[in-house]
Amino acid sequence: MARVEVPLLRVEQLQTHFLTQAGVARAVDGVTFEVAPGEVLGLVGESGSGKSVTGFSILGLVDEPGRIVGGRVLFEGENLVAAGEARLRQLRGNRIAMIFQDPMMTLNPVLRIDTQMIEAVRAHRRVDRAEARRRARDALGRVGIPAPEERLSAYPHQFSGGMRQRVAIAIALLNEPRVIIADEPTTALDVTIQAQILYEMQKLCGETGTALIWITHDLAVVSGLADRVCVMYAGRIVESGPVDAVLDRPLHPYTAGLIGSVPSRNRRGARLAQIPGMTPSLFALPSGCAFRARCPNAGEDCAREAPPESVPEVGRTLRCYHPWQAERAS
Amino acid sequence: MSAREAAAAGETGPLLRLEGICKRFVKRLDLAERLAARLGADVKEEVVHAVEDVDLAIEPGEVVGLVGESGCGKSTLGRVVAGIHAASAGRMTYRGKDITDAAGAEAKKSALKIQMIFQDPFASLNPRLKVAEIVGEAPLVHGIVPRAQLAGYVDEVLESVGLDPAYRRRYPHQFSGGQRQRIGIARALAVRPDFLVCDESVAALDVSIQAQVLNLFMDLRERLDLTYLFISHDLGVVEHLSDRVAIMYLGRLVEVAPTAALFAEGANHPYAQALLAEVPRIDSRRRVFKPVEGEIPSPLDPPPGCAFHPRCPHAFARCRAERPLLREVAPGRWSACHLNDQA
């Protein structure tokens, strides 16, 4: 695994709040993590945990009434939260690219693929159209689209869902970004197509040293793809660390509950270890630890103050007063 | 009559049997196209072969998982079983009675015994009805419960799926996704079915909520002696819940096997093998994804011979010409692949 002293991207105490009439929703509330070149970071959480808003915040893509109210996003040392719109436009799709869950968010349905891809290249590079087209064709070839030359002149609706997502990934790759933020890009796809795309992403990150932030609710995908994982709950990273450590020896009761909820081998027909209750509304978070109402380990101290981030082992972080200590039955 | 009572009463044989079930959707030509066709233009009726020649028998109390990728016809098959679509061809028997073309009271009776639970808990509930109306409407209409006892009955059903009866006056939008799915389950259970068709019923839910609903399905099976056809693209869920797994590709069953044997010994059909290999699993780390090439062909124009042959690494001449039939390759295990003939 690539590990260097200066992280490529570092998010520090990021806070993105949505100021609505119903109150302030703290969608992201003090999130800190970093990624190194060539590293795959899995950002895991359920709906409403703030994982997607974290991704959008990095690129300054949070719409009103959402606002980044605190923290820093350091990309190669530069603070993107303080950067202006012009600077962000230079970086988006160029040094930092994003892949969305729905490829139609990336693609314009009334323009041919080549028009869109050439535009994306020429927005950031001083090259002529022929050169831009050549780059577009190479990118399509790299994500495994057969006959890229002919497919360039097709419209998005002429592609299947899996192919469309490949085109979206090809567009993200066009300018050889240093970081790719992928927001549930395979959730809507079938298993065999998902495997094809995971395969391409894995290969590309290995070859080019691009860092990948993979946002998902699917622990199984993260376990197959990522080097490190951050688990989010109600706007905070409750646990982070290397994939093996976190998934084999979870410390936060929420992580342990999530892992127990996944149907897996050797437990066929047994009751799944469910987490009681449901994710709390961001408008009415309980005092102290947001998970305490669903937590089997919660004590009185959990209600007083949200647990601070601790470092239980080298390379791991945790926000919990009463860590999980179940011995994993082997 | 419950499954166990039926077995005790000496009624044997499967609860539900499908024989040669087909479902085709035809796009008829409009007037202009018919004229053009008569003048020699190359326009034809488009026929989608959504389900082709499916044989499947489901025993009382059994959970059969139906797996496949989008467009393989698994939801259509589920809808045929639940009586939402009429089969284009084939025979369907329920407790030994032919219900394919049943009409009147007979059809109503079997239709009530087979209920469906849908994927999207947001789209499958009427937003203008209160929970008590959603759950209570069908048992009242079908005379299962007299009006005087309806309120108590609805409370009972709501409790059985883990919902607080105090919520009976609320509307669907006041519930979370997991609770809505419970309302959908309560609605299905309210007419006292024996057989539930669950079409991707946990796919739209978060992992922790999904676990709650899966546990509920298992509890209900124990308590009410239910039989399930559990349709899902998620092999992990199917493995967890099912006794047998049926794998579908482009409208046809390619493999049917007991769950334990399938996952312990591996699949027989190359498509099933690929599907099993590609399921992301929490216990496989930084694995190398090695996908099958290509995509599912269009059901408008399925390839000749074995539908999987354009993507199959083992395809040979016979696969391109002759369609393999579903045959028993080991006790209880069925597969449709020519490779099994090659010793």
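In what follows, every chain begins at residue 1, and chains take the letters A, B, ... in the order their sequences are listed.
Summarising the geometry of B:D206 relative to A:E46, their closest heavy-atom pair is CB-OE2, 3.0 Å, with the distance given to 0.1 Å. Contact record, A:P263 with B:H240: CB-CB, 3.6 Å, taken as the closest heavy-atom pair. Residues A:S261 and B:S208 come closest through the heavy atom pair OG-CA, 3.8 Å.
Neither the backbone nor the side chain of B:D234 comes within contact range of chain A; no heavy atoms are under 4.5 Å apart.
The line from CD of B:Q210 to NE2 of A:H217 is 7.5 Å long, rounded to the nearest 0.5 Å.
Proximity of a side-chain donor or acceptor of B:N215 to a complementary backbone N or O of A:R271 within less than 3.5 Å is not detected.
A 6.0 Å sphere centred on OH of B:Y167 holds no more than 12 heavy atoms belonging to other residues, nucleotides or ligands.
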